[in-house]
Amino acid sequence: MIPPLEFLGLVLGVSAFSGLLGALTGLGGGAFLVPIYTLYMGIPFPYAAGASLISTIATSSGSASVYIRKGIVNVRIGVGLAVATTTSSIIGSILVARIYAAGLEHVLYLIFGAVLLAQIYVQWSRSKSELPPPRDPDWTTRMFQLWGRYYDEALGREVEYHGVRWWLGALIMLAAGVVSSLLGIGAGVLKVLAMDWAMNIPMKVSTTTSNYMIGTTAATGSAVYWAHGYIQPFLAAGTALGVLAGSYVGTRLLMRTTGRKIRYIFIAILAYLGVRMVLRGLGYGF
Amino acid sequence: MDFEKALEIILRAGALASAATIGVGLVLIYAFHGSGNYTISQIASPTSPINSSQFSVWRVLRGVVAIHGLDYIYLGLIMLIATPLAAVVLNLANFVTNKNAIYTAVVAIVLLNMLFSLFVLPLLVGA
C-alpha cells in the first residue's frame with residue numbers, strides 16, 4: 001500500500017511527464033497516461049480512462065486559449081465539426097459502459113494498443129510541408145464557410161486557406177468521438193487527419209483547432225463516465241493538474257525541438273507501450 | 001469586446017479557476033487527513049472505492065459548505081466540464097448575432113448534444 005503523499009507525487013509526476021510527451025508529439029497526454037496507469041500503477045482501466053478524459057478537457061481549455069488569441073484556431077470550423085464528435089462521443093460513452101459491464105475490458109486494451117501502434121506511422125511520416133497543395137473549393141466550402149487566414153510564423157507571412165469535403169471530415173470526426181469516449185483520450189490525431197488530410201486545411205490550423213475541439217468532445221463524453229463512477233476524484237485531480245503543467249511546458253518547448261532524434265525516442269516509447277497494451281489485451285498480464 | 005477575445009477569456013478563466021479549486025481540494029484532504037467520513041488512505045489509493053457515482057451536484061455543494069476536500073475537487077471537475085459548454089453557448093450567441101443561419105443550426109445541435117449528455121443521459125444510465 002503506497003502512502004497517500006507518495007501516491008499524489010507519483011500521479012503528478014507521471015501525468016506531468018505524459019502531458020509533456022503528449023504536447024511534444026501532438027498526441028495529447030492520454031496516449032501515454034492510460035498505458036502507464038494501467039500497466040505499471042495497478043489503476044483499473046475505467047479510473048485511468050476517466051482521469052485521462054478529464055485531463056484532456058483541462059489541456060484543451062488551457063492551451064486553446066493561447067492559439068485562439070494568436071488567431072490560428074478556426075473556431076467556426078471546429079465548433080461546426082463538433083456536431084459529429086459530440087454525437088459520437090455520446091455513443092462511445094454508452095458503448096464503453098456496456099463493454100465494462102460485459103467484462104470485455106481486454107478489448108479496450110487491444111484497441112488502445114492498436115491506436116498507439118498506428119501512431120508510429122503517423123509520427124514517422126509526419127507532414128513535412130507547412131501548407132497542403134491547393135484544391136478547388138467544393139459545395140461544402142461555401143455552405144460551411146470553410147475559409148480563414150492566419151499569420152504563419154514559420155513562413156513569415158499571412159496565409160489564406162479554404163477547406164473542402166466537410167462531409168468526409170465529419171465522418172472521420174465521428175470515429176474520433178467514439179475513440180475519445182472508449183479510451184478516455186482526446187483522439188487528436190484522428191481530428192487532425194479529418195481536417196488536414198480530408199479537408200485540406202493547413203497543419204497548424206488543423207492541430208490547434210483539433211486541440212480546441214477536444215474539450216467539447218471530452219466534456220460531452222464525461223457525463224456517462226461521471227454517472228457510472230469512472231471518475232475517481234483524487235486520481236482525476238492529480239492527473240488534471242499534472243497534465244496541465246506538463247503540456248504547458250511541452251507547448252513552449254515545441255517551438256524549438258523538432259529534431260529527428262527526439263522523434264525516434266517518441267516512436268520507441270509508442271512502440272513499447274503499444275505492444276504492452278496489446279499483450280495485456282491478449283491476456284499476457286505482465 | 002469581440003467574440004474571440006471573449007472565448008479566450010472563458011477558456012482561460014475556466015481552466016485556471018477549476019485548477020485552483022481542485023488544488024484547494026487536494027490541500028484540504030491532506031490538511032484534514034481525509035474528507036467528511038472518508039480517510040485519506042481510502043481516498044488516495046489506486047483502487048479507491050470512492051468515485052463520481054456517489055456524488056451528485058447537490059451533495060457536492062453541501063460538501064463545499066462543510067469544507068470537505070473531495071467536494072472541492074468535484075466542484076473543480078464540474079467547472080472544468082462546464083467550460084466547453086459555456087464556450088459553445090458563446091459560439092451560438094455569436095452566430096445568432098451575425099445571422100449565420102447554417103452555423104446557428106449546427107451549433108444548436110452541438111449544444112443540444114451536450115445538454116442531453118450532461119443532464120438527461122446520467123438519469124437514463126444511472127437507473
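Chain letters run A, B, ... following the sequence lines, proteins first, then strands; residues in each count from 1. Reckoned from all heavy atoms, side chains included, excluding hydrogens, waters and symmetry mates.
Proximity to chain A is limited to the side chain of B:Leu26, based on heavy atoms less than 4.5 angstrom apart. For a residue to count as touching a neighbouring chain, one of its non-hydrogen atoms must lie under 4.5 Å from one of that chain's; by this rule A:Thr216 touches chain B with backbone and side chain alike. If you measure heavy-atom distances from A:Leu8 to chain B, the contacts under 4.5 Å come from both the backbone and the side chain. For A:Leu5, the parts sitting under 4.5 Å from any heavy atom of chain B are the backbone and the side chain alike. Contacts between B:Phe119 and chain A at a heavy-atom distance below 4.5 Å are absent for every atom of the residue. Neither the backbone nor the side chain of B:Asn94 comes within less than 4.5 Å of any heavy atom in chain A. Only the side chain of B:Tyr30 comes within contact range of chain A, with at least one heavy atom under 4.5 Å from a heavy atom of that chain. For B:Ser56, no part sits under 4.5 Å from any heavy atom of chain A, backbone or side chain. For B:Ile73, the part lying near chain A is the side chain, with the backbone staying farther off; criterion is any non-hydrogen pair under 4.5 Å. With a 4.5 Å cut-off on non-hydrogen atoms, A:Tyr37 does not touch chain B at all. Of the two parts of B:Leu118, the backbone and the side chain both hold a non-hydrogen atom closer than 4.5 Å to a non-hydrogen atom of chain A. Heavy-atom distances place the side chain of B:Ile102, and not its backbone, under 4.5 Å from chain A. For A:Ile68, the parts lying near chain B are the backbone and the side chain together; criterion is any non-hydrogen pair under 4.5 Å.
Inspection of the A:Tyr230 and B:Asn51 side chains reveals no N or O donor paired with an N or O acceptor under 3.5 Å.
Each of A:Ala237, A:Ala48, A:Pro233 has some count of heavy-atom pairs under 4.5 Å with chain B, and the biggest count is that of A:Pro233. Put simply, of A:Ile54, A:Val73, A:Ile43, A:Val79, the one with the most heavy-atom pairs under 4.5 Å next to chain B is A:Val79. When each of A:Ile231, A:Val75, A:Leu241, A:Leu235 is checked for heavy-atom pairs under 4.5 Å with chain B, A:Ile231 comes out on top.
Of the inter-residue distances, the one linking A:Phe234 atom CZ with B:Tyr38 atom OH reads 15.5 Å to the nearest 0.5 angstrom. Annotation: the span from A:Ile57 atom CD1 to B:Met79 atom CE amounts to 13.0 Å, rounded to 0.5 Å. Atom CD1 of residue B:Ile9 and atom CZ of residue A:Arg69 lie 10.5 Å apart, to the nearest 0.5 angstrom.
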Pair B:Ser48, A:Gln232 - check side-chain hydrogen bond (donor to acceptor under 3.5 Å, both in side chains), show working. CA-CA 7 Å; B:Ser48 166; A:Gln232 205 285 322; 3.1 Å; yes
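Residue-environment remark: CZ (A:Arg142) stays at or below the threshold of 12 foreign heavy atoms within 6.0 Å.
Every residue meeting the salt bridge (charged side-chain N to carboxylate O under 4.0 Å, His left out) condition with A:Arg149, not counting sequence neighbours, appears here in chain and number order: A:Glu158, A:Glu160.
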